[in-house]
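Okay, so here's the structure we're looking at.
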2 protein chains.
Amino acid sequence: MNTDTKDLNTESEILNAAKRIFQQKGMDGARMQEIADEANINKSLLHYYYRSKQLLFEAVFRSAFSMLAPQLNAVMNDDSPLFDKIRNFTYNYISFVVKHPYLPNFIIQELNRNPEFVKNLVAEKHFPTIDKFKKQVEEQIALGSIRPIKAEQLFINIMALNMFPFLSAPLIKAFTKTDDVNFKQLIEARKTEVADFIINSIKI
Amino acid sequence: MNTDTKDLNTESEILNAAKRIFQQKGMDGARMQEIADEANINKSLLHYYYRSKQLLFEAVFRSAFSMLAPQLNAVMNDDSPLFDKIRNFTYNYISFVVKHPYLPNFIIQELNRNPEFVKNLVAEKHFPTIDKFKKQVEEQIALGSIRPIKAEQLFINIMALNMFPFLSAPLIKAFTKTDDVNFKQLIEARKTEVADFIINSIKI
DNA sequence: AATTTTGTTAACCATTTGGTTAAACTATAT
DNA sequence: ATATAGTTTAACCAAATGGTTAACAAAATT
């Protein structure tokens, strides 16, 4: 599946192939041979560059998480007013995930599978924190511009409304009887509607 | 892990063990030997009763889905007023999933893994449909009692707010720095808060 | 040009894993 | 008591799978 001028860089070619396979099939479902085929190289090369399946997987996971983290960070550490922030995040996040549809599911799935991962992540330097967002929410409540709500709950709600459709796409498609085209339109509409939904709920 | 009076019924004992293992580890991560150990029986018995891993898995999946389906059905096919329905669903669904925390993740994960599953499910007789809910939403909009919103979007939002915390528990715990006890309290509060959040958003 | 280092491959290997078989055991019917 | 049908187990098996090795090729270094 490599349409580049061939071997720009074997190592990154492997990582890209591994991303595609791991993100679709997960750690347990992925096969080293399959990744090698996807990268058009010999299986031994996987081990030459990444030693083991576990290490290759961790490289993929780190890379995936470091793509998602800045997106989530945008809800939390940003100086714009709360409503702007919600609108921007919703628009940007959905736009982002449309381009990387397997990402959220992959990360959530693997975090569920391996709770130790979480600990390692949180320990890292640039791991986002909710503190600033919390302060902002409490300020707005004190000012009387939004209804009282725990920042944690609002945060969960924002995440839920933005991420869920991508996690549960097959289920949602089945229940609402929408085909792929129709579903895409639903998602597209959510880029602005989700923010409206949230703001309508908390605005006084 | 069998504290019963031993072999009430080997077949159902196997199914229960398989549920526990499959729902924690997924189809790819589960091992037949592990299921046999969990059920305290010889591995051959798994094949004696269920022929293959695939068939055992399908039995587990069907059983899991038939537990979840009636819950979701409650949003869609029910004659109570819209706001009551949202409140009841939220309360009942969260109470239900607290008792079966692995269920939603398991179902969503396996539906993503195997898109054919969806087709089989939808084809089944008692598969829920959104039609009635849609009609009800449109009525309320016409009456001017709720803001205009596509029933599909409202449905997605209801599902998202209720299911998401269980799907992404490790991620949420990490971001909000809440331990298990704290997280349980957050979930408990959501039994009523989620419905308020939704109703506040759509009520005129 | 010679040689060391790095990259790549085919052939192998040990273990794991889903699945089978045939024998043994148990309970029930005859 | 004994044949019979259903249940359970230990021992096996073949394929799949992650990983290794040794030989070979291509750069890079001297």
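All chains are named by letter (A, B, ...) in the order of the sequence lines, taking the proteins before the strands, and each is independently numbered beginning at 1. The shown structure was predicted, so the numbers you read here are calculated from the model rather than taken from an experiment. All values below were derived from every heavy atom in this structure, side-chain atoms included, with hydrogens, water molecules and symmetry-related copies excluded.
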Can you check whether any acceptor in the base of C:dG19 is under 3.5 Å from a donor in the side chain of B:K43, or vice versa?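 Indeed, a donor on one side and an acceptor on the other fall under 3.5 Å apart.
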
For D:dT20, does the base pair up with any side-chain atom of A:S44 as donor and acceptor (N or O, under 3.5 Å, distance only)?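 Between D:dT20 and A:S44, which were checked side chain against base, a qualifying N/O pair under 3.5 Å is present.
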
[N] [atom2] sits how many Å from [X] [atom1], rounded?
X: B:D28; N: C:dG18; atom1: CG; atom2: P; result: 10 Å
X: B:L46; N: D:dT9; atom1: CG; atom2: P; result: 11 Å
X: B:I35; N: C:dG19; atom1: CD1; atom2: P; result: 11 Å
X: B:L56; N: C:dT17; atom1: CG; atom2: P; result: 16 Å
X: A:E34; N: D:dG18; atom1: CD; atom2: C1'; result: 14 Å
X: A:L45; N: C:dT8; atom1: CG; atom2: P; result: 5 Å
X: A:D37; N: C:dT9; atom1: CG; atom2: P; result: 12 Å
X: B:E13; N: D:dT7; atom1: CD; atom2: P; result: 15 Å

Between B:K150 and A:E193, does at least one N-O distance fall below 4.0 Å, as a salt bridge requires?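 A salt bridge is absent here (no side-chain N lies under 4.0 Å from a carboxylate O).
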
A:R87 and A:D196 ion-paired at < 4.0 Å: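 The answer is yes: the pair qualifies as a salt bridge.
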
Quick one: is [N] close enough that its OP1 or OP2 comes under 4.0 Å of any side-chain N or O from [X]?
X: A:R51; N: D:dG19; result: no
X: A:Y49; N: C:dT6; result: no
X: A:T10; N: C:dT8; result: yes

Could you work out which one of [options] sits closest to the side chain of [X]?
X: A:N42; options: C:dA10, D:dT8, C:dT8; value: C:dA10
X: B:K53; options: D:dT9, C:dG18, C:dT9; value: C:dG18
X: B:M32; options: D:dT8, D:dG19, C:dG19; value: C:dG19
X: B:H47; options: C:dG18, C:dT8, C:dT9; value: C:dG18
X: B:Y48; options: C:dG7, D:dT8, D:dT17; value: D:dT8

Do B:R113's NZ or CZ and the ring of B:F22 fall within the cation-pi criteria of under 6.0 Å and 45°?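 No; the conditions do not both hold, so B:R113 does not lie above the ring face of B:F22.
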
Strictly by modelled atom types, are B:N92 and B:N88 linked by a side-chain donor-acceptor pair under 3.5 Å?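 Not at all, the side chains of B:N92 and B:N88 share no donor-acceptor pair under 3.5 Å.
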
Using distance alone, with no hydrogens and no angle criterion, decide if A:E58 and A:Q54 have a side-chain donor and acceptor under 3.5 Å apart.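 Per modelled atom types, A:E58 and A:Q54 side chains form a pair under 3.5 Å.
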
Tell me what B:A36 touches on the nucleic acid: a base, only sugar-phosphate, or nothing, going by heavy atoms under 4.0 Å.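 If one applies the 4.0 Å heavy-atom cut-off, B:A36 turns out to touch nothing in the nucleic acid.
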
At under 4.0 Å between heavy atoms, what does A:Y50 touch on the DNA or RNA strands: base, sugar-phosphate, or nothing?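 Nothing, no nucleic acid heavy atom in range.
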
